[in-house]
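Heads up, the thing below is written out as structure tokens.
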Amino acid sequence: QSNANASLMTYDEHVPDIKFTKLFINGEFVDSVKGRTFETKDPRNGRVVARIAEGDKEDVDLAVNAARQAFDHGPWPRMPGYQKGRIMSKFADLIEENIDELAALDTIDAGKLFSVGKARDIPRAAMLLRYYAGAADKIHGEVLKMSRELHGYTLREPVGVIGHIIPWNFPTGMFFMKVAPALAAGCTMIIKPAEQTPLSALFCAHLAKKAGVPDGVINVVTGFGPTAGSAISSHMDIDMVSFTGSIEVGCMVMQAAATSNLKQVSLEFGGKSPLIVFDDADLDTATDLALAGVTYNKGEVCVAGSRVYVQEAIYEDFEKKLVAKAEALPVGDPFDPKVQQGPQVDKKQFEKILSYIEHGKREGATLLTGGERLGTEGYYIQPTIFTNVKEDNVIVRDEIFGPVMSLMKFKTTEEVIKRANDTRYGLAAGILTKNIDLANTVSRSIRAGIIWINCYFAFDNDCPYGGYKMRGFGRDFGLDALHKYLQVKSVVTPIYNSPW
Ligand code: NAD
């Protein structure tokens, strides 16, 4: 296999200096109250990149206090929308001026491809800020057609202080997916990045200040889930928690929200998304999309197309082509522009994926390719494809969050719809066919929040994104995400001076 021999030499010329390692509270970088720090490591080799301030409950209290003051008395929620938009556009300019540095921070923290960070993740973060900057002065309610002699209208007001808890797979992307619409809505916030990937969030906090976001509006508390994260979800003075991560932790967040101050909750979880390939699909495009579906961002994508269903007439050809492409995929240092799959985020995730692969082998699935680590240093795993799997196999049911695919054969449309829906998740699905009637029929039958026809991972700022079933609730992106951070107030007054 060629990727097994891929060069794992390291490209260190892009590795940036780490400038920001402290908590960002009320516009200042500060040590944690207890003075503790934790290590963040480079997944290319496991080496420590920096020591980061470890926030805990007391630090969350300080950050919430700053956000509360900024919400109750500060300029941000009261500022005219166009002025907020101007500051957000300046923030976007600064992101664009720092594309290389931000992309490099995500590469050494998360193992993401530097080339993809530069071309997609970071520029799209700036675009997302501009999208919501443009919406900030278009937030309005409605005049109501009341049924009596009353004049009624609604206002859309910011929800208040938001706690954003985010995962590690798209550090800069997730930061702006949460922060940009909440800013436009006029909220103030505390962001807790994942402990694996704190670097770009702190860098972005510094850019926010430079852009003119008032102190206290954006606070970043780095630290661990059970301490800093849990202090956010159970805080009495946070109005809403917006969480993206695992189902297990999401359940804890919802419970903590309910038993503290009943704060609003928005939850985004993982997935086990199906990609359905009908026998009229173009084989080259279909195999490219299928492979990208599990190797893009080394499979650490909540919408990874990890269950691939191929119609029987083309199955043999599809399998042969797919395996050849998987074996030729360049895996290696994410700073190398030729590489298409970097290392898994950390040792824990790396070991979790390898143990799923072992589980697959024990369950009797056929390993078509991959299944091993690459090299002896860092967290590289070969693109891995299993076939002869059953729907109730653990590798077909669980989200693996790595470059591991279950490849399956199907006969009829009815059968594949049933099998595709046989999951507790309902995040995304892909349908590949030239028959648009078939694509539309299947789209309506799949219980998932986003359906891609003849494409995959086709995200857009304007396209709301979130899941069905045990995939959480609330939407990110689009105007739906803006409305999530707004609440509706009704105002009523009599028309003819009658008291009711
Ligand atoms: P995780 O749930 O372990 O962690 C996510 C965040 O929650 C981290 O910031 C973590 O520190 C925090 N956290 C952990 N314990 C907590 C607690 N008790 N209270 C409050 N916060 C706590 O998830 P992970 O392993 O870091 O990320 C991978 C998961 O995220 C996968 O399941 C993946 O599918 C999901 N994900 C979903 C999306 C999406 O948009 N839907 C995007 C990316 C990742």
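Indexing begins at 1, ligand by ligand and atom by atom, following the structure's order. The structure presented is a predicted model; accordingly, all values stated were derived computationally and were not measured.
- Taking every non-hydrogen atom of Pro167 and a distance limit under 4.0 Å, the qualifying atoms of ligand 1 come out as 27 (O), 43 (C), 44 (C).
- Close N/O approach between Thr244 and ligand 1 is not found [any backbone or side-chain N/O within under 3.5 Å].
- For the ligand labelled ligand 1, residue Phe243 lies inside the 4.0 Å heavy-atom shell.
- Any N or O atom pair closer than 3.5 Å counts here, and Trp168 shares at least one such pair with ligand 1.
- The proximity of Gln349 to ligand 1, defined as any non-hydrogen pair under 4.0 Å, does not occur for either the backbone or the side chain.
- Of all the heavy atoms of Met174, the ones lying under 4.0 Å from any atom of ligand 1 belong exclusively to the side chain.
- For the atom pair CZ of Phe176 and CG of Asn461, the computed distance is 12.5 Å after rounding to the nearest 0.5 Å.
- Heavy atoms of Asp476 found under 4.0 angstrom from ligand 1: none, in either backbone or side chain.
- Residue Lys209 places its NZ atom among more than 12 non-hydrogen atoms of other residues, nucleotides or ligands, all under 6.0 Å distant.
- Remark: aromatic rings of Phe38 and Phe224 are close, center separation under 6.0 Å.
- A cation-pi geometry, defined here as NZ or CZ lying under 6.0 Å from the six-membered ring centre and within 45° of its normal, does not hold between Lys19 and Phe203.
- Atoms of ligand 1 lying under 4.0 Å from at least one heavy atom of Ser230, given by number and element, are 19 (N), 20 (C).
- Using a 4.0 Å cut-off between a side-chain N of Lys or Arg and a carboxylate O of Asp or Glu, Arg51 and Glu39 qualify as a salt bridge.
- Counting heavy atoms under 4.0 Å from ligand 1, residue Ile165 touches it through the side chain alone.
- Looking at Phe401, Phe477, Tyr465, it is Phe401 that brings a heavy atom closest to atom 33 (C) of ligand 1.
- The distance criterion of under 3.5 Å between nitrogen or oxygen atoms is met by Lys192 with respect to ligand 1.
- The proximity of Glu195 to ligand 1, defined as any non-hydrogen pair under 4.0 Å, is limited to the side chain.
- Side-chain contact between Asn169 and Gln196 is absent, with no heavy atoms from C-beta onward closer than 4.5 Å.
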Assess whether side chain to side chain contact (heavy atoms under 4.5 Å, CB included) is satisfied between Ile95 and Leu207, documenting all intermediate values.
-> CA-CA 7 Å; Ile95 303 290; Leu207 296 183; 3.9 Å; yes

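- Ring pair His359/Phe386: centre-to-centre distance not below 6.0 Å.
- Looking at ligand 1, you won't find any N or O of Met177 less than 3.5 Å from one of its N or O atoms.
- Atoms of ligand 1 found under 4.0 Å from any heavy atom of Gly229 (numbered from 1 in listed order, with element): 19 (N), 20 (C), 21 (N).
- The side-chain heavy atoms of Met88 and Arg130, taken from C-beta on, include no pair separated by under 4.5 Å.
- In the vicinity of Ile166, heavy-atom distances shorter than 4.0 Å reach the ligand 1 atoms 6 (C), 8 (C), 9 (O).
- Remark: Glu377 engages Arg47 in a salt bridge, criterion side-chain N to carboxylate O under 4.0 Å.
- Short contacts between ligand 1 and Gly245, defined as distances under 4.0 Å to a heavy atom of the residue, involve ligand atoms 2 (O), 5 (C), 23 (O), 29 (C), 30 (O), 32 (O), 35 (C).
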